[in-house]
Amino acid sequence: MEFGWSQAQENYRERIRAALRELLPADWHETYTPQSYASDAQIEFSRKFCPQLAERGLLVRHWPKEWGGEGGDDWEQFILAEEMKVAGEPRGPQYMNVNWIGPTLMRFATPEQREKYLPGIARGTTIWCQGFSEPGAGTDLAALRTKAERIGDRYRINGSKIWTSYARKADMCFLLARTGAGRKEITVLLVPMATMGVSVTSNPGLCKDGHLNEVFFTDVDVAIDARLGEEGQGWAIVTHALSFERTGVPRYHVGIEVLGLAIAQLKAEGRADDPIVRARAGMIAAQFEAARALTYLVVDQRVKRAPENTDANVARITALDAVVELMNFLVEFTPDCLAGGDAQLEEYYRINVPAGVTAGTYELQLDLIAQRGLGLPRG
Amino acid sequence: MEFGWSQAQENYRERIRAALRELLPADWHETYTPQSYASDAQIEFSRKFCPQLAERGLLVRHWPKEWGGEGGDDWEQFILAEEMKVAGEPRGPQYMNVNWIGPTLMRFATPEQREKYLPGIARGTTIWCQGFSEPGAGTDLAALRTKAERIGDRYRINGSKIWTSYARKADMCFLLARTGAGRKEITVLLVPMATMGVSVTSNPGLCKDGHLNEVFFTDVDVAIDARLGEEGQGWAIVTHALSFERTGVPRYHVGIEVLGLAIAQLKAEGRADDPIVRARAGMIAAQFEAARALTYLVVDQRVKRAPENTDANVARITALDAVVELMNFLVEFTPDCLAGGDAQLEEYYRINVPAGVTAGTYELQLDLIAQRGLGLPRG
Amino acid sequence: MMAFRDSVRAWLRANLPADWKHAMLGASEAEHIAFQRQWFCALRDGGYVAPHWPKEWGGAGLSFADQIVLYEELARAGAPRLVLYFISLYHTPATLLAHGTDAQRRRHLPAILSGDEIWCQGFSEPNAGSDLASLRTRAERRGDRYIVNGQKIWSSNAQYARYCLLLARTDPAAPKHKGISYFILDLDQPGVTRKPIRQMTGGAHFCEIFFDDVEIPAENLIGAENDGWTVAQATLSSERGLTILELTERMRIAFDVLCAEANNETPWGGRYIDDAGFRRRLAEIYARLEALRALVSNMLDRVVRGESVGAEPSIIKVYYSELLRDFTALGLRMGGLDAQRIAPVLMGGGYETGNWMHDYLYSWSWTIAGGSNEVQRNIIAERALGLPREAPAAKPRG
Amino acid sequence: MMAFRDSVRAWLRANLPADWKHAMLGASEAEHIAFQRQWFCALRDGGYVAPHWPKEWGGAGLSFADQIVLYEELARAGAPRLVLYFISLYHTPATLLAHGTDAQRRRHLPAILSGDEIWCQGFSEPNAGSDLASLRTRAERRGDRYIVNGQKIWSSNAQYARYCLLLARTDPAAPKHKGISYFILDLDQPGVTRKPIRQMTGGAHFCEIFFDDVEIPAENLIGAENDGWTVAQATLSSERGLTILELTERMRIAFDVLCAEANNETPWGGRYIDDAGFRRRLAEIYARLEALRALVSNMLDRVVRGESVGAEPSIIKVYYSELLRDFTALGLRMGGLDAQRIAPVLMGGGYETGNWMHDYLYSWSWTIAGGSNEVQRNIIAERALGLPREAPAAKPRG
């Protein structure tokens, strides 16, 4: 494994940074959610920002030339992701477009579907949302209940989806629906959000201007050409799609930045010489460094087309550990900052509470490692 | 719950202390294992010590008068246990005699058996060992394989027992053997260790002069009157016997003392003002205090004949937590003491490694709490 | 004592509004405050609002043992926590009875019982944390008044209070613990600015208070000038463990809710109670909770017997705050995705309302309210272990 | 690089005694030492014992990248750890090559390679822990000699060594880091007493060394007088991560043993791998191990490229020592009652021999050898976070 960046990669990173300096408004960090959490304003901003990025050849550079890219490798996708994450993800929801929705369409869509959807993604003009989670189904996709009933050459969709980030503003939904009773009889449908019978309700989320959306499908009628791949192929498509995401969001950049802010605060208060502060902060920094090293390893393996393993899960666990430790550190040593004292720290805390504590994410990752990585059979 | 000691209890405690001052030799702490870990020397010492304690009416005071006691309550048994533990348990193996072997015989033995065994226990002259654990059976008593085959009016015993503390020096064995194929067809036999066919092998244990004994039974022949209770009643007898032990050994006394020694050392080195030392030591002290409070609660419930609950398990878990924290503290802050620098700290560490880390003790206690205390059914 | 317990239970059955949780779920701040007043009046009329006040000042003059019974029963009945009146009912009378003038007592104690006067506390300051003694708010004597300038933080419910128990520095040249005085400050006057601290839960339980040339008449000094630190000790020890008793009993009841939720399905198949890891985690939380209750019971027992309690209150606070955090985190974890929704909050419902995201975020406010764990651990180290007070250079902020 | 890896593998297949683990299991100290010598000679004859030494001194002069390959392969082949020669092969040459005189080099380096000279290190002192700079052993100049008095502790294998790399104070009036000098001390002379430290595992890996008017000729001073602290830096950074690489690779291999043991029955029924709690614990240990390997690989890569490594060695040491402890504790836990038996020890087998009770007790010796975690955490705080060096009053012992 080589961790040095090539000159071409450094140049590419610098081009991205230059574009960010040029394209982000002066009030970007104040006006828009600094950590990309699906506020309406940020989604709208992406409609302006992404086309400009595309014009500069930086939105989908890792895509094949046929679809507007430069055929760059996974490192280029990753460098883009790092820089965007550090900048507060001005691509908004469109990071999904370029990371996995586009590539999945390239693999499974008909020529007509590709012509219809890929240019909008490559130009940065379409907002997609992901219709996976359902009330009561937890994160077990196989348990979903939204139904797509085949009636002649159409599907009739009934059901609802939750935690659908960006749904309030999305143009299209990448929807998973059940087309049979079997555990895996699941099909992907590409549904325009403007279709009759689709409605969205929103609850305020934990983050500033963030929303927890629920999407209802009531007798929604779509033509058969809205289907991606074959009927019943949904499971395979989603597995493939998620594999594009396996490096996950590079959490370490923001984590290290936030730790630095907290330490600056403690220094200013004259508390940085407290051995407990030092010991805890030191270990958190170490954990983020380990997460960074692991993430690079995962990208490297992807670039080399190595067979899939659990390193991505290991990277996530390591990053999650670091995030949880950092949050406990913030609560214990800088409580003022979390209550209006520092907007960036507070926002970071809000965003990461779900990541660190809820939803069984942690257990799921560990169980995946135990099963696939360690080959421990279940009894 | 009232935690004040009555004047009578204080007097009783003082009588025990006076007896200890009088009876323990000057070289007790140097020559004999300070923490009662079944060294040969300590077992032999108990043959001298216990009769002297019995003479002073302090060995079995909580027993009924009929068998040499004063009919004292569980608090008296407990106060005796506390003082003996603090003194390094000079009763050696005979703590088992007075705590549960005697009381179990009173409940289940025939009049002849009582006459035969109780006086030796009450006078402090008999050493018993406990033949429960077997190789490969873990702590699951129902899985034991040592067999007692009924042949006419005799039993023929074949099998082996491990972790049989005191077996090298014991007169009698309180033996569990299988008398049928059923999961609970288990019977208690009272077997003289001098019986033909009983042999003991020893491995050095983790503690100074401690031994890990294995006891082999090869065609051991005992008369039917060696049986305690009915055939197949072994499970019920053992459950009853263990209930006498449910307060467990009061670990907190020694723990607090050891923490004090470590702190004295750190003070002498000028390291007691290190905030990390202070924070860790403070929390360990708190945990031991909680364990003490819980243990008192358990004894109080026994005195009041309250129905059994999981408080004893809670007390054990709390004490184990404290012990493990204390051991980590010793390793991190006083490593010199554990390598010849302080005999008492080192011995404490050796004794408690198994308690804290091995054998699934911790998980078993938690599972018992989950099942009985919280009423969480298994799926 | 059983008789008293029975009468409390009977009173609660008759007077605790059966639907209060329904009414307060997602209630507005105004509705919450209104209901706090209503519950205050109900308790007062029942003779339970000031169980610890001497009879001559309108209290019930209950023994400490009976106070314990009362708080146990309030917790077990799931009664609202009277958070709005905590300072008024505990800190103010304890301070005035021990160190106040008779005029001060007569002016304020009846007014508190009437429900007209709500008090808050002005102790903590920004960047000083719980190290109260390093406070910088100044009070300068000018004739028969003091002029106050400075800032306080983490003052509970100050936005609803009329009076503030204020610690301010009157002699900047004196050593840290000297030179501090203790005042009654009227908040309804020019120069006082109260700014609610918007918490992550959306609520605003705490305020910052700014003082810009605020006047205090000299007669509002409590105790001697520069003797405020001594006076404050009476304030801080006034509730003698009853709050923590109430909180642990509430947690014990909430634990059953947690167990019930363990019947939920995990995202990886099966229920939480069938997952060995989660079963043990539950049992572990239970064991810690029971250990805490034993410690609290032990401490209260010593208070009843008039014995000193040493480091125990600090031990118990650290224990409780760490347990509260882990308790609510486990609830959040077993709540799955649904727990991410910010459900309506049960106003006045305490720390374990079953709205786990709220409870988890709110748990840290206890740490602030109770004095940071760093400070508590130092007290433990000093009192329980006889460790020397640490050198100033390394003193953590508390 | 593959070619070099292949040749190492081939050599190991031909030269590593297939039965060495059998022979060293429960071996006596004398047998262990004899086998260490034998393995040293085999490696030397193969050209692998001093891969990092310059060719002019008889080393292989391998690139750092090839050294990495060598240590990976030694670990993966389960070769014995050459613990007896660690100081001789790393610290002594690094120190002499950087700061020694040519005469010192000629006298000692060939003797080390011949196998005749074993060295130990005299750095740590009692009650000073890893805060080396506060050492109190004195060396007084008298004419052309120094007279040494004092005591060292935690010196690995000093009982077998002929020479000691000694740090002693030559100017007591100077500030802590100044006034220290660095010497070559001949241990075979009157006034030197070596006392093995009997560890809980029964072994005696470490010694105390006492100096009572011990003489050192002035020519044995390394570097300038009072410049010992600077010289010591060369010693401490000499192995540049190769040890930790070897140790993490060994742990990776031992992890498979741990997984295999997870097939054992639990005392509560079923196997450990079917218990959700233990499955996750295993996965968590695995995740930490992989994170550590990524950190090590990352650091070595920077060393290869000639970049500076900042706090990384300290980060890695803390990570490793905490993981080693948890790793062996899990082995012990899953070993059940049987793990309580003190089974024979695999001499030279490293930290994870599968004799879990031994391994668990032995794990703390790494902490001592590697510098305490307290000290490491401080280095991390300083170098990685830019936190100021802590105030002396609060300095933990290391």
Side-chain angles (χ1 to χ4, degrees), chain A residues 1-4 256 259-260 262-264 266-267 270 272-298 309-311 313-322 362-363 365-379, chain D residues 255-256 258-259 262-263 270-276 278-284 286-302 304-305 307 311-312 314-316 318-319 322 373-374 376-391 393-396:
Chain A
M1 179 180 9
E2 286 283 335
F3 279 141
I256 290 168
L259 181 61
I263 283 171
L266 290 167
K267 270 187 188 169
D273 58 352
D274 175 354
I276 297 179
V277 167
R278 296 163 62 86
R280 297 259 303 262
M283 278 313 291
I284 294 166
Q287 282 176 304
F288 277 120
E289 281 310 316
R292 183 209 300 270
L294 283 163
T295 305
Y296 285 6
L297 178 68
V298 171
N309 59 27
T310 52
D311 284 350
N313 308 97
V314 168
R316 283 214 184 103
I317 281 288
T318 306
L320 275 175
D321 278 345
Y362 199 82
E363 285 78 13
Q365 299 291 339
L366 287 177
D367 288 350
L368 277 173
I369 293 170
Q371 205 169 329
R372 299 190 193 157
L374 313 184
L376 296 180
R378 275 210 174 273
Chain D
F255 187 77
D256 293 336
L258 199 66
C259 280
N263 283 296
R271 298 173 304 169
Y272 286 100
I273 53 170
D274 299 326
D275 182 296
F278 276 86
R279 283 170 71 83
R280 285 190 204 119
R281 185 84 182 126
L282 270 169
E284 199 189 306
Y286 176 77
R288 286 164 62 191
L289 174 55
E290 289 301 310
L292 174 65
R293 291 177 75 213
L295 281 173
V296 171
S297 163
N298 204 356
M299 175 179 73
L300 294 179
D301 204 57
R302 290 173 66 175
V304 169
R305 288 205 307 273
E307 293 172 19
E312 278 165 290
S314 294
I315 286 173
I316 287 168
V318 172
Y319 234 94
E322 292 184 353
N373 286 350
E374 284 174 87
Q376 302 295 354
R377 284 198 203 96
N378 268 328
I379 295 174
I380 297 168
E382 264 167 53
R383 297 201 191 153
L385 306 174
L387 285 173
R389 187 175 279 275
E390 59 184 316
K395 198 185 48 58

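To find a chain, count down the sequence lines: A is the first, B the second, and so on, and within it residues start at 1.
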Report the distance from atom CZ of A:Arg292 to atom CG of D:Asn298, rounding to the nearest 0.5 Å. 8.5 Å
Output yes when A:Asp367 and D:Arg280 qualify as a salt bridge under the 4.0 Å nitrogen-oxygen rule, no when they do not. yes
Less than 4.5 Å to any heavy atom of chain D: does that hold for the side chain of A:Asp311, its backbone, both, or neither? side chain
Grab the two heavy atoms, one from D:Tyr319 and one from A:Ala290, that are nearest each other, plus how far apart they are. OH-CB, 3.7 Å
Can you tell if the side chain of A:Met283 reaches within under 4.5 Å of the side chain of D:Val318, non-hydrogen atoms only? yes
One should read off an interatomic distance between D:Leu282 CG and A:Ile369 CD1, to the nearest 0.5 angstrom, of 11.0 Å
Side chain proximity check, D:Glu284 to A:Ile317, heavy atoms < 4.5 angstrom: no
Contact class of A:Leu259 relative to chain D, heavy atoms under 4.5 angstrom: side chain
Distance-minimising heavy-atom pair for A:Ala286 and D:Ile315: CB-CG2, 3.1 Å
When rounded to the nearest 0.5 Å, the distance separating CD of A:Glu289 from CE of D:Met299 is 12.5 Å
Closest approach of D:Ala283 and A:Ala370, non-hydrogen atoms and distance? CB-N, 4.0 Å
Could you check if a side-chain atom of D:Tyr286 sits within less than 4.5 angstrom of a side-chain atom of A:Thr310, using non-hydrogen atoms only? yes
